[in-house]
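Below is one structure, written out as structure tokens, with a few remarks after it.
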Amino acid sequence: MGQPPVTERGEDPRLVGLGAAVAQLRRELAGYQVEFRDRAIAEDELAALAAMVADGAPETARMRRSLLLVVGSIGSVSALRKPLMEVRNAVDLFGDTLPPPR
């Protein structure tokens, strides 16, 4: 196990990937012209994810909670499916919130 690998600039590539995925979904959501009831929730949670990335030490449990809220908010919007899956995949790289069973 140990520590995750780092890029040449000393960054955790999982954070770099998560930041890129969150930024892409935020752009796609901003460009999505159709209004829906839970849009503000998705925007708030994506902002929270972006802040966690900027902080550099996100909590896996908090990331997963934000992801669940985003999925619940925009999961049925087919136009946002691909960037949403990219965010999910990036969060999944951080592992489970519970330790593996012994």
Side-chain angles (χ1 to χ4, degrees):
M1 289 213 113
Q3 294 183 336
V6 294
T7 64
E8 289 180 14
R9 296 185 345 189
E11 301 168 313
D12 182 339
R14 299 174 304 169
L15 279 176
V16 173
L18 178 59
V22 167
Q24 180 64 34
L25 181 54
R26 290 177 88 182
R27 283 190 299 273
E28 297 272 343
L29 181 58
Y32 187 71
Q33 299 300 314
V34 178
E35 281 300 316
F36 52 94
R37 185 174 44 146
D38 295 332
R39 182 185 201 112
I41 294 169
E43 290 170 343
D44 289 348
E45 292 305 319
L46 287 170
L49 282 168
M52 285 183 246
V53 169
D55 184 43
E59 293 179 39
T60 304
R62 178 66 177 104
M63 283 191 305
R64 290 197 179 283
R65 179 182 178 277
S66 289
L67 177 62
L68 285 173
L69 289 169
V70 171
V71 168
S73 301
I74 64 174
S76 64
V77 179
S78 61
L80 301 174
R81 184 177 320 163
K82 184 178 180 200
L84 180 57
M85 285 303 297
E86 293 296 323
V87 171
R88 178 178 179 240
N89 292 338
V91 169
D92 283 347
L93 293 176
F94 287 86
D96 293 331
T97 58
L98 301 174
R102 292 181 178 212

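Just so you know, these numbers come straight off a predicted model, no measurement behind them.
- Within the hydrophobic cluster formed by Ile, Leu, Val, Met, Phe, Trp and Tyr side chains joined at under 4.5 Å, directly or through other members, Ile41 is accompanied by Leu69.
- Under the side chain to side chain donor-acceptor pair (under 3.5 Å) criterion, the residue pairs touching residues 15-25 are Gln24-Arg27, Gln24-Glu28, with sequence neighbours excluded.
- Each side chain to side chain donor-acceptor pair (under 3.5 Å) pair with one or both residues in residues 69-79, not counting sequence neighbours, would appear here, but there are none.
- Taking Ala48 as the reference, Glu45, Met52, Arg62, Ser66 meet the side-chain contact (heavy atoms from CB on, under 4.5 Å) condition, with sequence neighbours excluded.
- Val22 and Leu46 get closest at one heavy-atom pair: CG1-O, 3.6 Å.
- Heavy-atom minimum distance, Pro83 versus Ala79: CD-O, 4.5 Å.
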> Between Asp92 and Arg64, is a salt bridge (charged side-chain N to carboxylate O under 4.0 Å, His left out) present by the stated rule, with each step listed?
Replying inline: CA-CA 9 Å; Asp92 283 347; Arg64 290 197 179 283; 3.2 Å; yes

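- Listed by first and then second residue, the side chain to side chain donor-acceptor pair (under 3.5 Å) pairs involving residues 31-43 are Arg39-Glu43 (not counting sequence neighbours).
- For the atom pair CG (Leu68) and CZ (Arg88), the distance works out to 9.5 Å, reported to the nearest 0.5 Å.
- Under the side-chain contact (heavy atoms from CB on, under 4.5 Å) criterion, Val53 pairs with Leu15, Leu18, not counting sequence neighbours.
- Rounding to the nearest 0.5 angstrom, the gap separating the CG atom in Asn89 from the CG atom in Leu84 is 9.5 Å.
- Between Val70 and Leu25, the closest side-chain pair of non-hydrogen atoms falls below 4.5 Å.
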